[in-house]
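The residues of the chain are indexed from 1 along the displayed sequence. Since we're looking at a predicted model, the values are computed, not measured.
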Amino acid sequence: MHTYQTVPFVKEKHAQWGSCTHRKMSVMEALNLLDNLVDESDPDVDFPNSFHAYQTAEGIRRIHPDKDWFQLVGLLHDIGKMMALDNEPQWSVVGDTFPVGCKFQQSIVFSDTTFQDNPDTKHPIYSTKYGIYKPNCGLENVLMSWGHDEYLYKVLTFNKCSIPEEGLYMIRFHSFYPWHTGGDYQHLCNDKDHRMLHWVKEFNKFDLYTKTEDLPDVELLQPYYQELIDKYCPGVLSW
């Protein structure tokens, strides 16, 4: 049994989840599954993640009324957490993400204790600054720790959803706090990452600061967001 985010573990999870053979359902059905989940890693909320999804989407809608795809990203961004409902442990579903295959940086939360027994810290290649990567290779070519970000990104691309690239970047890297907040891993970033950083930061304003006990009227909001789902991620998807 793996108990750490290592290169072999992450590759194993890509093989397990990346083929999208676990379920077939619509986006709204997947979103409703989050009613059964409370994120153990999030100190700001003690209510189901579906409410946070609508809070985030509505926060974006108020400031960016002309960007419906951005609003939809707010609604979708945490749906990958449904892996926890299929017996995936929460430590490999939620929380901050970071690259594997190179040296773990100090900006990773709890880095002093998290990696003490991780075997990759003793690997002759994985423990070096660049590890298995080339300088400025681009984050799209980096193997990230496994979690809900990468899983949802894979689902959306597998099903050929038409969310713009900026939105897919938000989804894939919104938990990569060592990069978008800590300013770390610049040695792996390319020009595209620098351009996309603005969008990830803009998204995180709403992800972080819309979590309140004032819960949205989901029944009232669902028809609007169903139209966005039908536009960008229609029908039954493979998960």
Item to check | Donor-acceptor contact present, side-chain D207 to main-chain F203, <3.5 Å | outcome: no
Checklist entry - Would you say the side chains of D120 and T6 form a donor-acceptor pair under 3.5 Å? => result no
Checklist outcome for this item: Which of D117, T114, V100 passes side chain to side chain contact (heavy atoms under 4.5 Å, CB included) with Y4? Answer is D117
Checklist entry - How many angstroms lie between CG in L143 and CZ in F9, if you round to the nearest 0.5 Å? => result 11.5 Å
Checklist entry - Counting only heavy atoms not in K154, do more than 12 fall under 6.0 Å of its NZ? => result yes
Checklist entry - If you take all heavy atoms of Y130 and P135, which pair is closest and at what distance? => result CE2-CA, 3.5 Å
Checklist entry - Roughly how far apart are W146 CH2 and Q16 CD, rounded to 0.5 Å? => result 8.5 Å
Checklist entry - Heavy atoms, side chains only, cut-off 4.5 Å: are S92 and M83 in contact? => result no
Item to check | Salt-bridge criterion met for E150 and K13 (N-O under 4.0 Å) | outcome: no
Checklist entry - Is Q222 close to N32 at the side-chain level, that is, under 4.5 Å between some pair of heavy atoms? => result yes
Checklist entry - Which heavy-atom pair separates Y185 from P178 by the least distance, and what is that distance? => result CE1-CB, 4.0 Å
Checklist entry - Using a distance-only test with no angle check, is there a side-chain donor-acceptor pair under 3.5 angstrom linking K103 and T128? => result no
Checklist entry - How long is the gap from CG on L85 to NE2 on H22, to the nearest 0.5 Å? => result 13.0 Å
Checklist entry - Do side-chain atoms of Q71 reach the backbone of H64 as a donor and acceptor pair under 3.5 angstrom? => result yes
Checklist entry - Looking at side-chain heavy atoms only, is the closest gap between W69 and E166 below 4.5 Å? => result yes
Item to check | Test ring-ring contact (aromatic ring centres under 6.0 Å, His included) applied to Y177 - qualifying residues, sequence neighbours left out | outcome: H180
Next on the checklist: Are Y54 and L75 packed together at the side-chain level, in the sense that at least one heavy-atom pair is separated by less than 4.5 angstrom?
Outcome noted: yes
Checklist entry - Going through the distances and angles, do E29 and R23 end up as a salt bridge (Lys or Arg N to Asp or Glu O under 4.0 Å)? => result CA-CA 11 Å; E29 288 172 326; R23 298 172 185 254; over 6 Å; no
Item to check | Where S145 and V10 come nearest, the two heavy atoms and their spacing | outcome: CA-CG2, 4.0 Å
Next on the checklist: Please tell me whether F98 and F115 form a close aromatic pair, meaning their ring centres lie under 6.0 Å apart.
Outcome noted: yes
Item to check | side chain to side chain donor-acceptor pair (under 3.5 Å), paired with H174, selected from N204, T97, D149 | outcome: D149
Next on the checklist: If only side-chain N and O atoms count, and only distance matters, is there a donor-acceptor pair under 3.5 Å linking Y169 with D193?
Outcome noted: yes
Checklist entry - Taking atom CD1 of I79 and atom CG of L31, what is their separation to the nearest 0.5 Å? => result 5.0 Å
Next on the checklist: Show the nearest heavy-atom pair for residues C233 and L156, with the distance to one decimal.
Outcome noted: SG-CD2, 4.1 Å
